[in-house]
Peer 1: 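Starting off with a structure, shown below.
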Amino acid sequence: MPDIVYPFAPPAVVSVPVVGRTERFPVHRIYCVGRNYEEHAKEMGFTGREPPFFFLKPADAIVVAEPGQAATIPYPSLTSNLHHEIELVVAIGTGGKNIKAPDAAKHIYGYAVGLDMTRRDLQNDMKKQGRPWCIGKAYDHSAPIGPITPAAQAGDVNSAPIWLQVNGTDRQRSTVAKLIWNVAETIEHLSAAWELQPGDLIYTGTPEGVAAVVRGDTLHGGVDGLTPILVKVA
């Protein structure tokens, strides 16, 4: 078979550093869970335990906060209301379809801290028109993430505190135990709709306290037991 020739250079593989290892985690897809903390659902105008729903971001929306360093993201175009959403991120190491919740842990490579940055005004406009949210959620630089901690080293992330500070002041503070759909349940629902692949990332949802950031702000967030994330808005 002849060598494949492309009309231009293929994009580089998007990857995330792994704590304590020289290898990097190659990113396949980014799945995000919407309104997965009750208090956040309420602040967005919803109540109750609704069925889980998902949206996607492109892999190249990733912005990596390398170990011990701050990541920089540009303030995005078309918005005047950029919101932070701190999240526990689950990294899939073994793929599968129709994974049952009791088996979910066997498919998890590790965990990281991430931010689902959101052009809230654009998202709200799309909601009002009954149109997809992509322009509000799936834009360039919208998925900052810190290093991935292998699952065996991460401790009990399912009950860990989760928090975010902006310029040193608390904005979000809760616990992963308050997820409406926990990590295992999320994997069960997600894998019924898509066949999960090694390299998939799942942003599991954000607690209450989402709010706007502006140019010059510094975001510092974490999930206890994982490497925190530090992001500056340019």
Side-chain angles (χ1 to χ4, degrees), residues 27-62 76 79 81-92 95-105 107-108 111-140 142-145 157-158 162 164 172 174-197 199-211 223:
V27 179
H28 177 243
R29 291 178 181 167
I30 303 172
Y31 297 97
C32 303
V33 188
R35 296 196 295 263
N36 203 21
Y37 285 81
E38 183 176 357
E39 292 305 314
H40 173 59
K42 289 178 179 177
E43 74 180 354
M44 300 303 292
F46 298 86
T47 59
R49 181 180 167 94
E50 61 185 322
F53 69 94
F54 309 98
F55 58 92
L56 283 80
K57 292 177 183 267
D60 62 2
I62 286 285
T79 186
N81 194 19
L82 176 64
H83 276 208
H84 57 73
E85 298 190 8
I86 190 71
E87 311 211 358
L88 169 69
V89 182
V90 179
I92 297 296
K97 190 169 178 61
N98 295 316
I99 300 166
K100 297 304 180 186
D103 299 322
H107 295 262
I108 297 172
Y111 302 91
V113 180
L115 284 163
D116 168 18
M117 302 303 294
T118 302
R119 297 193 281 202
R120 189 72 72 201
D121 43 2
L122 301 185
Q123 182 195 28
N124 289 340
D125 286 346
M126 293 301 102
K127 286 181 180 179
K128 291 174 185 175
Q129 298 177 60
R131 294 177 176 176
W133 298 356
C134 301
I135 197 169
K137 287 285 192 179
Y139 61 91
D140 298 339
S142 63
I145 190 171
V157 297
N158 292 297
I162 181 171
L164 178 79
Q172 295 183 264
S174 186
T175 171
V176 177
K178 292 186 178 181
L179 281 169
I180 296 173
W181 299 95
N182 65 32
V183 169
E185 292 169 330
T186 294
I187 289 173
E188 178 172 312
H189 283 280
L190 190 60
S191 67
W194 291 273
E195 182 172 356
L196 295 181
Q197 301 291 335
D200 287 343
L201 297 175
I202 306 170
Y203 280 58
T204 57
T206 196
E208 70 275 13
V210 300
V223 174

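Here the structure is a predicted model, which means the values were calculated and not measured. Quick note: numbers below take in every heavy atom, side chains included, and nothing from hydrogens, waters or symmetry partners.
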Peer 1: How far does CZ of Arg29 sit from CD of Gln197, to the nearest 0.5 angstrom?
Peer 2: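 Nearest 0.5 Å value for the CZ-CD distance: 7.0 Å.
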Peer 1: Under the criterion side-chain contact (heavy atoms from CB on, under 4.5 Å), I'd like the reasoning laid out for Ile187 against Trp181: C-alpha separation, chi angles, the key distance, then a yes or no.
Peer 2: CA-CA 9 Å; Ile187 289 173; Trp181 299 95; over 6 Å; no
Peer 1: Check whether any side-chain N or O of Asp140 sits under 3.5 Å from a backbone N or O of Ala61 as a donor-acceptor pair, and report yes or no.
Peer 2: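 Checking the backbone N and O of Ala61 against the side chain of Asp140, no donor-acceptor pair under 3.5 Å is found.
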Peer 1: How many angstroms lie between NZ in Lys128 and CD in Gln123, if you round to the nearest 0.5 Å?
Peer 2: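 Rounded to the nearest 0.5 Å, the NZ-CD separation comes to 11.5 Å.
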Peer 1: Just how far is it from atom CG of Leu122 to atom OG1 of Thr79, taken to the nearest 0.5 Å?
Peer 2: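 The OG1 atom of Thr79 is 5.0 Å from CG of Leu122, to the nearest 0.5 Å.
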Peer 1: Decide, yes or no, whether a salt bridge links Glu85 with Lys137 under the criterion of side-chain N to carboxylate O below 4.0 Å.
Peer 2: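 Looking at Lys137 together with Glu85, the answer is yes, because their closest N to O distance falls below 4.0 Å.
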Peer 1: If we only count heavy atoms from C-beta on, is the Leu190 to Phe54 side-chain gap below 4.5 Å?
Peer 2: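 Yes, side chains in contact.
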Peer 1: Tyr111 versus Val89: any side-chain heavy-atom pair under 4.5 Å?
Peer 2: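 Not touching, per the 4.5 Å side-chain cut-off.
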Peer 1: If you look at every heavy atom in Arg35 and Ile180, which pair is closest and at what distance?
Peer 2: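 Taking every non-hydrogen atom into account, O-CD1, 3.7 Å.
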Peer 1: On a heavy-atom basis, which atom in Ile162 and which in Val176 lie closest, and how many Å separate them?
Peer 2: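 Shortest heavy-atom separation between Ile162 and Val176 comes out as CG2-N, 4.1 Å.
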Peer 1: Exactly one of Thr204, Val90, Asp200 should register a side-chain contact (heavy atoms from CB on, under 4.5 Å) with Tyr31. Which one does?
Peer 2: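 Only one of Thr204, Val90, Asp200 forms a side-chain contact (heavy atoms from CB on, under 4.5 Å) with Tyr31, namely Asp200.
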Peer 1: For residues Pro58 and Ile30, report the shortest heavy-atom separation together with the two atoms involved.
Peer 2: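 What the structure gives for the nearest pair is O-CD1, 3.3 Å.
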Peer 1: CG of Leu164 to CD of Glu87: how many Å apart, nearest 0.5 Å?
Peer 2: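 Going from CG on Leu164 over to CD on Glu87, the span is 11.0 Å.
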Peer 1: Quick one: closest heavy-atom pair of Ala184 and Ala101, and the distance?
Peer 2: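 Closest approach of Ala184 to Ala101, heavy atoms only: CB-O, 3.5 Å.
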Peer 1: Under 3.5 Å, is there a donor-acceptor pair between the side chain of Lys57 and the main chain of Ser142?
Peer 2: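 Checked: pair present.
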Peer 1: For Gly205 and Tyr37, which heavy atoms make the closest approach, and how far apart are they?
Peer 2: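 Shortest heavy-atom contact: O-CE1, 3.4 Å.
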Peer 1: From His84 NE2 over to Arg120 CZ, what is the distance, rounded to the nearest 0.5 angstrom?
Peer 2: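 With rounding to 0.5 Å, NE2 (His84) is 9.5 Å from CZ (Arg120).
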Peer 1: Please lay out, stage by stage, how Lys97 and Leu196 fare under the test side-chain contact (heavy atoms from CB on, under 4.5 Å).
Peer 2: CA-CA 6 Å; Lys97 190 169 178 61; Leu196 295 181; over 6 Å; no
Peer 1: Just by modelled atom types, is the Ile86 backbone N or O under 3.5 Å from a matching donor or acceptor in the Thr206 side chain?
Peer 2: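 Yes, Thr206 side chain to Ile86 backbone: donor-acceptor pair under 3.5 Å.
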Peer 1: Check whether Ser191 reaches the backbone of Ile99 with its side chain - one donor and one acceptor, N or O, closer than 3.5 Å.
Peer 2: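 Answer holds: yes.
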Peer 1: Would you say that Pro144 contacts Met117 through its side chain, given a criterion of any heavy-atom pair below 4.5 Å between the two side chains?
Peer 2: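 Counting from C-beta outward, Pro144 and Met117 do come under 4.5 Å.
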Peer 1: Less than 6.0 angstrom from the centroid, inside 45 degrees of the normal: does Arg119 satisfy that with respect to the ring of Tyr139?
Peer 2: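 Judged by the rule, Arg119 and Tyr139 form a cation-pi pair.
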Peer 1: Any heavy-atom pair between the side chains of Ile145 and Leu201 that's under 4.5 Å?
Peer 2: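 In contact.
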Peer 1: For the pair Arg131 and Asp125, find out whether any cationic side-chain nitrogen is under 4.0 Å from an anionic carboxylate oxygen.
Peer 2: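 Salt bridge flag = no for Asp125 with Arg131.
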Peer 1: Mind checking the CD1-CG spacing from Ile202 to Leu88? Nearest 0.5 Å is all I need.
Peer 2: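 So the CD1 of Ile202 and the CG of Leu88 are separated by 10.0 Å.
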Peer 1: Quick one: closest heavy-atom pair of Asn98 and Ala192, and the distance?
Peer 2: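 Looking at all heavy atoms of both residues, the closest pair is OD1-CA, 3.5 Å.
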Peer 1: Distance-only, no hydrogens or angles: does the Thr186 side chain make a donor-acceptor pair with backbone N or O of Asn182 under 3.5 Å?
Peer 2: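 Yes, Thr186 side chain to Asn182 backbone: donor-acceptor pair under 3.5 Å.
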Peer 1: Going by the angle between their ring planes, with limits at 30° and 60°, are Phe55 and Trp133 parallel, tilted or perpendicular?
Peer 2: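 Plane angle between 30° and 60°, so tilted.
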